[in-house]
Protein chains: 2
Amino acid sequence: MTVTRAYHHGDLPRALLAAAVAAIEESGPAALSLRDLARRAGVSHAAPTHHFGDKAGLLTALAVEGFDLLAAALTAAGDDLLDVGVAYVDFAVSHRAHFEVMFRPDLYRADTPEVRAARERAGAALHLGVAALPPHRAEPGESRTDALAAWSIVHGFATLWLSGALPPDIDADPRAAARTVIRHLIPPP
Amino acid sequence: MTVTRAYHHGDLPRALLAAAVAAIEESGPAALSLRDLARRAGVSHAAPTHHFGDKAGLLTALAVEGFDLLAAALTAAGDDLLDVGVAYVDFAVSHRAHFEVMFRPDLYRADTPEVRAARERAGAALHLGVAALPPHRAEPGESRTDALAAWSIVHGFATLWLSGALPPDIDADPRAAARTVIRHLIPPP
DNA sequence: ATCGTATCTTTACGTTGACAAGAAAGCGAT
DNA sequence: ATCGCTTTCTTGTCAACGTAAAGATACGAT
């Protein structure tokens with residue numbers, strides 16, 4: 001006799017991560033409860049701990065998944081810095097649970113090799129967009145601060161939007177507002 | 001006989017806020033424990049709850065204090081957008097506990113009138129720096145996105161630095177790096 | 001001196017993360 | 001088939017946490 005479950009046997013980790021995303025989108029990563037996740041998945045209270053070691057382990061897995069998703073989204077956006085920047089903000093908006101965890105290293109183990117590798121993949125994808133910029137300034141090392149400025153402006157816009165600090169009319173269409181904001185950084189041709 | 005205490009009688013709230021700042025700087029706002037604060041202040045575990053109602057109440061007070069400190073720092077920086085921007089980053093670096101709480105509205109009551117007022121004071125101070133920019137573009141409503149772009153780039157740089165996402169050489173002198181980054185936003189005269 | 005209030009303590013309850021030990025199911029080797 | 005090993009999950013337990021209620025103590029105004 002087969003037991004009816006919400007997940008295929010052996011796929012508890014995936015189900016738990018999905019439940020964690022839903023829970024974080026509801027009430028933030030600080031209020032995440034392992035026992036609540038177990039309840040949602042219909043397993044005992046200690047099942048999550050077995051698969052992820054502890055709470056930080058679960059959030060580490062979520063962060064890795066997030067950096068990989070971000071890398072894929074940025075790569076798919078192409079070479080234009082404007083498109084890549086909008087894709088960054090779009091990722092934060094449409095994957096806010098992942099994004100909120102990714103940049104809160106006190107919640108997980110950010111120094112794991114897997115996390116480091118996934119983060120570097122995302123960073124490389126972001127740099128591709130910056131590299132397509134015309135080298136209008138001849139100063140050495142300028143492209144590095146170019147990248148840092150681009151990263152800062154899209155990351156700042158994304159986190160401000162996530163924290164609800166932006167006025168309501170921007171809340172309505174963050175992607176369009178992001179495009180306008182990023183344009184301020186790119187010199188007119 | 002007078003009892004030796006770490007704080008003047010009646011100043012427990014201040015002592016608790018100071019202890020909270022120290023605790024958050026050590027291990028982040030998520031790991032903050034009211035009972036730990038009480039231990040540090042030498043009072044019973046329920047004393048913090050009396051003064052702040054609950055944990056969110058304490059963090060609300062901390063956020064209000066933070067927005068006021070930020071407003072003061074930005075005002076003191078003057079009218080130049082570059083200076084104001086660097087002051088924003090400098091505030092995040094030198095008051096990281098306040099800053100981390102301020103932009104995490106799921107941890108406190110961000111819709112309180114006091115919080116709202118303090119946040120608007122800080123916003124007004126930031127806008128002063130943007131208003132000093134030359135109106136080089138004649139498009140209507142441009143100054144609003146100017147402000148948003150400026151806020152985004154300094155906020156993004158600050159949060160990236162706080163989350164440890166920036167390379168080590170930038171960690172060493174974030175203020176200088178911030179100045180370089182902000183310059184990317186300001187058109188050369 | 002007394003009353004009222006603010007300040008803190010004591011006690012208690014439900015929830016949480018973590019740990020340890022055990023049950024149960026899959027699985028390859030024999 | 002069945003033995004032994006591993007993975008998966010359950011059960012039981014513990015200390016720590018946030019919160020609430022009620023009692024104790026001190027302060028200040030009258």
Side-chain angles (χ1 to χ4, degrees), chain A residues 1-24 26-63 101 104-110 112, chain B residues 1-20 22-24 26-63 101 104-109 112:
Chain A
M1 169 180 175
T2 58
V3 182
T4 305
R5 296 200 233 207
Y7 56 94
H8 278 350
H9 185 76
D11 280 357
L12 224 208
R14 280 174 195 271
L16 288 175
L17 285 181
V21 167
I24 293 175
E26 275 182 23
S27 35
L32 184 66
S33 149
L34 288 186
R35 293 174 108 104
D36 206 47
L37 296 186
R39 254 171 262 139
R40 295 194 194 212
V43 291
S44 79
H45 64 91
T49 314
H50 164 70
H51 288 283
F52 296 101
D54 58 358
K55 193 175 176 179
L58 189 144
L59 293 177
T60 301
L62 222 160
V101 172
R104 205 157 303 177
D106 55 314
L107 293 182
Y108 66 100
R109 280 180 275 275
T112 300
Chain B
M1 168 179 179
T2 57
V3 182
T4 305
R5 298 200 233 208
Y7 57 95
H8 277 350
H9 185 75
D11 280 356
L12 224 209
R14 279 173 196 273
L16 288 175
L17 285 181
I24 292 175
E26 274 182 24
S27 36
L32 184 67
S33 149
L34 288 186
R35 293 173 109 105
D36 205 49
L37 297 186
R39 251 171 266 139
R40 295 193 192 213
V43 291
S44 78
H45 64 92
T49 313
H50 165 70
H51 287 283
F52 296 102
D54 58 358
K55 193 174 175 178
L58 188 145
L59 294 177
T60 301
L62 221 162
V101 172
R104 205 156 303 177
D106 56 313
L107 293 182
Y108 66 99
R109 280 180 277 275
T112 301

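Below, chains carry the letters A, B, ... as their sequence lines are ordered, and counting in each starts from 1.
Among the atoms of the strands shown, only primed sugar atoms or phosphate atoms (P, OP1, OP2) are found under 4.0 Å from some heavy atom of A:L32.
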A:F52/A:L62 under side-chain contact (heavy atoms from CB on, under 4.5 Å): CA gap, chis, key distance, verdict: CA-CA 11 Å; A:F52 296 101; A:L62 222 160; over 6 Å; no
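For A:H50, whose side chain is taken as the heavy atoms from C-beta onward, the closest listed nucleotide among C:dT10, D:dC9, C:dA18 is D:dC9. Distance from the side chain of B:A47 is smallest for C:dC8 among the nucleotides D:dT8, C:dC8, C:dT16.
One end of the helix from C:dA1-D:dT30 to C:dT30-D:dA1 points its axis 10° away from the other end's axis, with each axis taken from 5 pairs and the angle rounded to 10°.
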What does the B/S/- profile of nucleotides 20-25 of chain D look like, 5' to 3', with a 4.0 Å heavy-atom cutoff to protein? B-----
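Note: CG (A:L58) to P (C:dA18) measures 10 Å, nearest angstrom. Atom-to-atom, CG of B:L34 to P of D:dT19 comes out at 6 Å; the value is rounded to the nearest Å. Taking atom CZ of residue B:R35 and atom C1' of nucleotide D:dG18, one finds them 7 Å apart after rounding to whole Å. Atom P of nucleotide D:dT19 and atom CZ of B:F52 are separated by 13 Å, given to the nearest angstrom.
Partners of A:D54 according to the salt bridge (Lys or Arg N to Asp or Glu O under 4.0 Å) rule, which considers only residues two or more places apart in sequence or in another chain, are A:R109.
Contact annotation: B:R39 side-chain N/O to D:dC17 OP1/OP2 distance is under 4.0 Å. Contact between the side-chain N/O atoms of B:S33 and the OP1/OP2 oxygens of D:dC17 is found at a separation under 4.0 Å.
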